[in-house]
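These notes concern the structure reproduced below.
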Amino acid sequence: MPAPSYIHHFFSADTCQAYIRTLRWKDRPLQCPRCQSQHLSPWGNYYYRPGLKRYWCHGCRRTFNDLTHTLLAQSQRALSYWILATFLWCLSCSSRRIARELGIHIRTSYRWCWWLRNAALSYEMDRQLDGTVEADELYHTGGNKGQALHGGKKHLGRRARRRRKKREPGRGHYDKDRPAVIAWVSRQGPVVVQAVRDFTVTTVQKAADLAVEAGRRLYTDSASRDRALKGYVHEYVNHTRKEYARGKVHENRAECLFSLLKPYLRVFRGISKINLPGYVGFFQFLRNFRHQNAFQQAELILQAALDPVIASRARRGDFVTCLDHFDLLQTTIN
Ligand SMILES: [Zn+2]
């Protein structure tokens with residue numbers, strides 16, 4: 001036997017199929033994805049897809065299989081590719097790295113990563129923090145990656161010349177390709193990370209209303225937009241006076257979260273401001289499920305990807321555009 005170049009060649013197709021079948025029907029009844037009828041009969045297998053079960057629906061008189069209407073449907077690649085790609089994605093590999101490790105085209109892995117990221121965001125849509133919450137902000141220098149010259153999705157017709165942009169002096173702003181990122185960290189564990197246009201009082205207040213339950217205790221630094229926040233029991237430390245902690249009042253967890261976010265984002269080399277909410281949202285998913293290992297996180301994502309409703313929304317990129325802070329980034333609020 002020639003030595004395989006890729007690790008997933010050791011995966012057995014039958015085990016992968018059985019695993020995906022269990023994930024798909026674990027929490028939902030075996031039913032037709034088109035008409036929801038549960039009046040079904042087995043309908044054999046596919047000769048080119050060993051282990052993939054096919055069913056006949058008596059309701060709509062059509063067949064379907066374990067993958068119909070999921071993100072993995074009609075994929076040319078075996079399930080072992082998908083499982084390994086999701087696992088590597090949870091280990092924060094870039095789509096380029098995943099393409100190399102799997103031996104697939106870069107555009108395939110980019111599309112998969114985009115879908116899987118969206119599927120993961122379905123877990124983070126309604127997250128609101130309670131308990132004592134710390135907050136901090138940072139500016140992210142966006143890049144031109146995957147963008148036409150003036151933004152948008154136009155195909156460049158060539159390889160992009162630049163990745164990361166040089167940063168301009170002064171404060172950041174979405175229009176200066178230097179959007180802001182706000183982190184809200186609950187001392188009970190969960191986090192919310194939002195990409196926003198700027199740090200004006202209106203934006204920060206709106207972001208706080210989305211991320212933190214009203215009336216909670218909030219610790220920030222002494223920036224004026226934070227001091228103007230309403231609806232919370234608010235205390236702050238004064239960094240300009242070299243005050244970093246006053247008893248229980250500090251925001252060191254939020255600072256720590258940024259020290260993890262920065263190297264995470266650096267792997268992807270100059271994410272544009274348009275794609276930033278998706279990446280930041282996925283980082284939030286990884287942090288909120290950090291007590292599980294990468295494979296358990298991958299399992300959560302695969303389970304979401306096997307839900308027909310989530311899958312169709314993830315294909316359209318709905319979760320990024322519905323992400324509650326996406327409009328904080330896209331529209332002018334002032
Ligand atoms: Zn049916």
Side-chain angles (χ1 to χ4, degrees), residues 1-26 30 32-34 42-57 62-91 93-122 146 153 155 159 268 275 278 282 294-295 297-320:
M1 175 190 170
S5 322
Y6 301 105
I7 189 164
H8 55 86
H9 290 162
F10 290 107
F11 294 11
S12 132
D14 286 330
T15 322
C16 291
Q17 283 292 351
Y19 173 68
I20 291 293
R21 189 184 313 125
T22 320
L23 271 189
R24 168 131 201 210
W25 307 114
K26 195 166 70 170
L30 180 57
C32 170
R34 295 191 187 89
W43 201 253
N45 291 309
Y46 297 84
Y47 70 91
Y48 54 89
R49 264 284 166 94
L52 182 60
K53 285 219 170 111
R54 202 171 176 195
Y55 310 90
W56 171 262
C57 169
R62 290 178 70 178
T63 63
F64 66 94
N65 59 41
D66 293 325
L67 300 179
T68 304
H69 288 198
T70 68
L71 276 188
L72 283 59
Q74 295 179 326
S75 170
Q76 305 272 325
R77 300 291 178 173
L79 291 179
S80 54
Y81 286 76
W82 279 94
I83 295 172
L84 187 61
T86 320
F87 175 67
L88 290 174
W89 184 239
C90 290
L91 288 178
C93 290
S94 64
S95 61
R96 226 160 243 278
R97 180 76 192 268
I98 292 174
R100 199 167 70 228
E101 301 301 334
L102 260 59
I104 56 177
H105 195 275
I106 172 73
R107 278 185 219 142
T108 311
S109 78
Y110 182 80
R111 185 175 66 247
W112 286 10
C113 290
W114 204 81
W115 284 348
L116 293 171
R117 190 163 65 233
N118 269 276
L121 287 178
S122 65
K153 286 180 181 166
H155 181 57
R159 238 179 116 158
F268 304 107
N275 288 323
F282 188 72
F295 183 67
Q297 291 169 343
E299 186 171 291
L300 285 173
I301 299 178
L302 283 172
Q303 206 177 354
L306 290 167
D307 186 309
V309 179
I310 295 179
S312 72
R313 292 186 67 188
R315 269 180 207 266
R316 290 196 303 265
D318 261 14
F319 288 110
V320 175

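Every value quoted in this text rests on a predicted model; they were computed, and no experiment measured them. Side chains are part of it too, since the values below use all heavy atoms of this structure and drop only hydrogens, waters and symmetry mates.
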Practice item. Apply side chain to side chain contact (heavy atoms under 4.5 Å, CB included) to the pair Leu84 and Ile7, showing each step before the final yes or no. Key: CA-CA 9 Å; Leu84 187 61; Ile7 189 164; 3.5 Å; yes
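- Looking only at distances, a side-chain donor or acceptor of Thr22 sits under 3.5 Å from a matching main-chain atom of Ala18.
- Nearest heavy atom pair, residue Asn118 against residue Asp318, reads OD1-N, 4.2 Å.
- Counting heavy atoms from C-beta on, the side chains of Tyr19 and Leu79 never come closer than 4.5 Å.
- Among residues at least two apart or in separate chains, salt bridge (Lys or Arg N to Asp or Glu O under 4.0 Å) pairs with a member in residues 66-89 are Arg21-Asp66.
- For the side chain to side chain donor-acceptor pair (under 3.5 Å) test, no residue two or more places apart in sequence or in another chain qualifies with Arg34.
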Check your understanding: Can you check side chain to side chain contact (heavy atoms under 4.5 Å, CB included) on Phe268 and Asn275, steps first, answer last?
Key -> CA-CA 11 Å; Phe268 304 107; Asn275 288 323; over 6 Å; no
Check your understanding: Should Leu102 and Leu88 be marked as a side chain to side chain contact (heavy atoms under 4.5 Å, CB included) after you check the CA-CA gap, both sets of side-chain angles, and the distance that decides it?
Key -> CA-CA 10 Å; Leu102 260 59; Leu88 290 174; 3.9 Å; yes
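- To the nearest 0.5 angstrom, Ile301 atom CD1 is 12.0 Å from Leu23 atom CG.
- Using a 4.5 Å cut-off on side-chain heavy atoms (C-beta onward), Leu306 and Leu71 make no contact.
- Using modelled atom types, one side-chain atom of Arg315 and one backbone atom of Thr70 make a donor-acceptor pair closer than 3.5 Å.
- With a 4.5 Å cut-off on side-chain heavy atoms, Arg117 and Phe319 do not count as touching.
- Proximity of Arg49 to Gln17: side-chain heavy atoms (C-beta onward) are separated by under 4.5 Å at one or more points.
- Distance check, rounded to the nearest 0.5 Å: CG of Leu52 to SG of Cys16 gives 12.5 Å.
- Residues meeting the side chain to side chain donor-acceptor pair (under 3.5 Å) test with Arg97, sequence neighbours left out: Glu101.
- Minimum interatomic distance between Ala119 and Ala314 (heavy atoms only, all atoms of both residues): N-CB, 4.0 Å.
- Of the inter-residue distances, the one linking Thr86 atom OG1 with Leu302 atom CG reads 4.0 Å to the nearest 0.5 angstrom.
- The two residues Ala305 and Ala311 come nearest to each other via the heavy atoms O-CB, 3.6 Å.
- Here CD1 of Ile104 is found 14.0 Å from OH of Tyr110. Values are rounded to the nearest 0.5 Å.
- You'll find the ring centres of Trp43 and Phe64 outside the 6.0 Å limit.
- Across all their heavy atoms, Ser95 and Trp89 have their closest contact at N-CZ3, 4.4 Å.
- Here salt bridge (Lys or Arg N to Asp or Glu O under 4.0 Å) pairs that include residues 300-310, with residues two or more places apart or in two chains, are Arg28-Asp307.
- For Trp112, the ring-ring contact (aromatic ring centres under 6.0 Å, His included) test picks out Trp82, with sequence neighbours left out.
- Distance check, rounded to the nearest 0.5 Å: OG1 of Thr108 to OH of Tyr81 gives 10.5 Å.
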Practice item. Show your working on side chain to side chain contact (heavy atoms under 4.5 Å, CB included) between Leu116 and Phe282 and close with a plain yes or no. Key: CA-CA 9 Å; Leu116 293 171; Phe282 188 72; over 6 Å; no
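- Annotation: the span from Arg100 atom CZ to Cys93 atom SG amounts to 9.5 Å, rounded to 0.5 Å.
- Residues satisfying the side chain to side chain donor-acceptor pair (under 3.5 Å) criterion with Tyr46, sequence neighbours excluded, are Arg54, Asn65.
- Using cut-offs of 30° and 60° for the angle between ring planes, the Tyr6 and His8 rings count as parallel.
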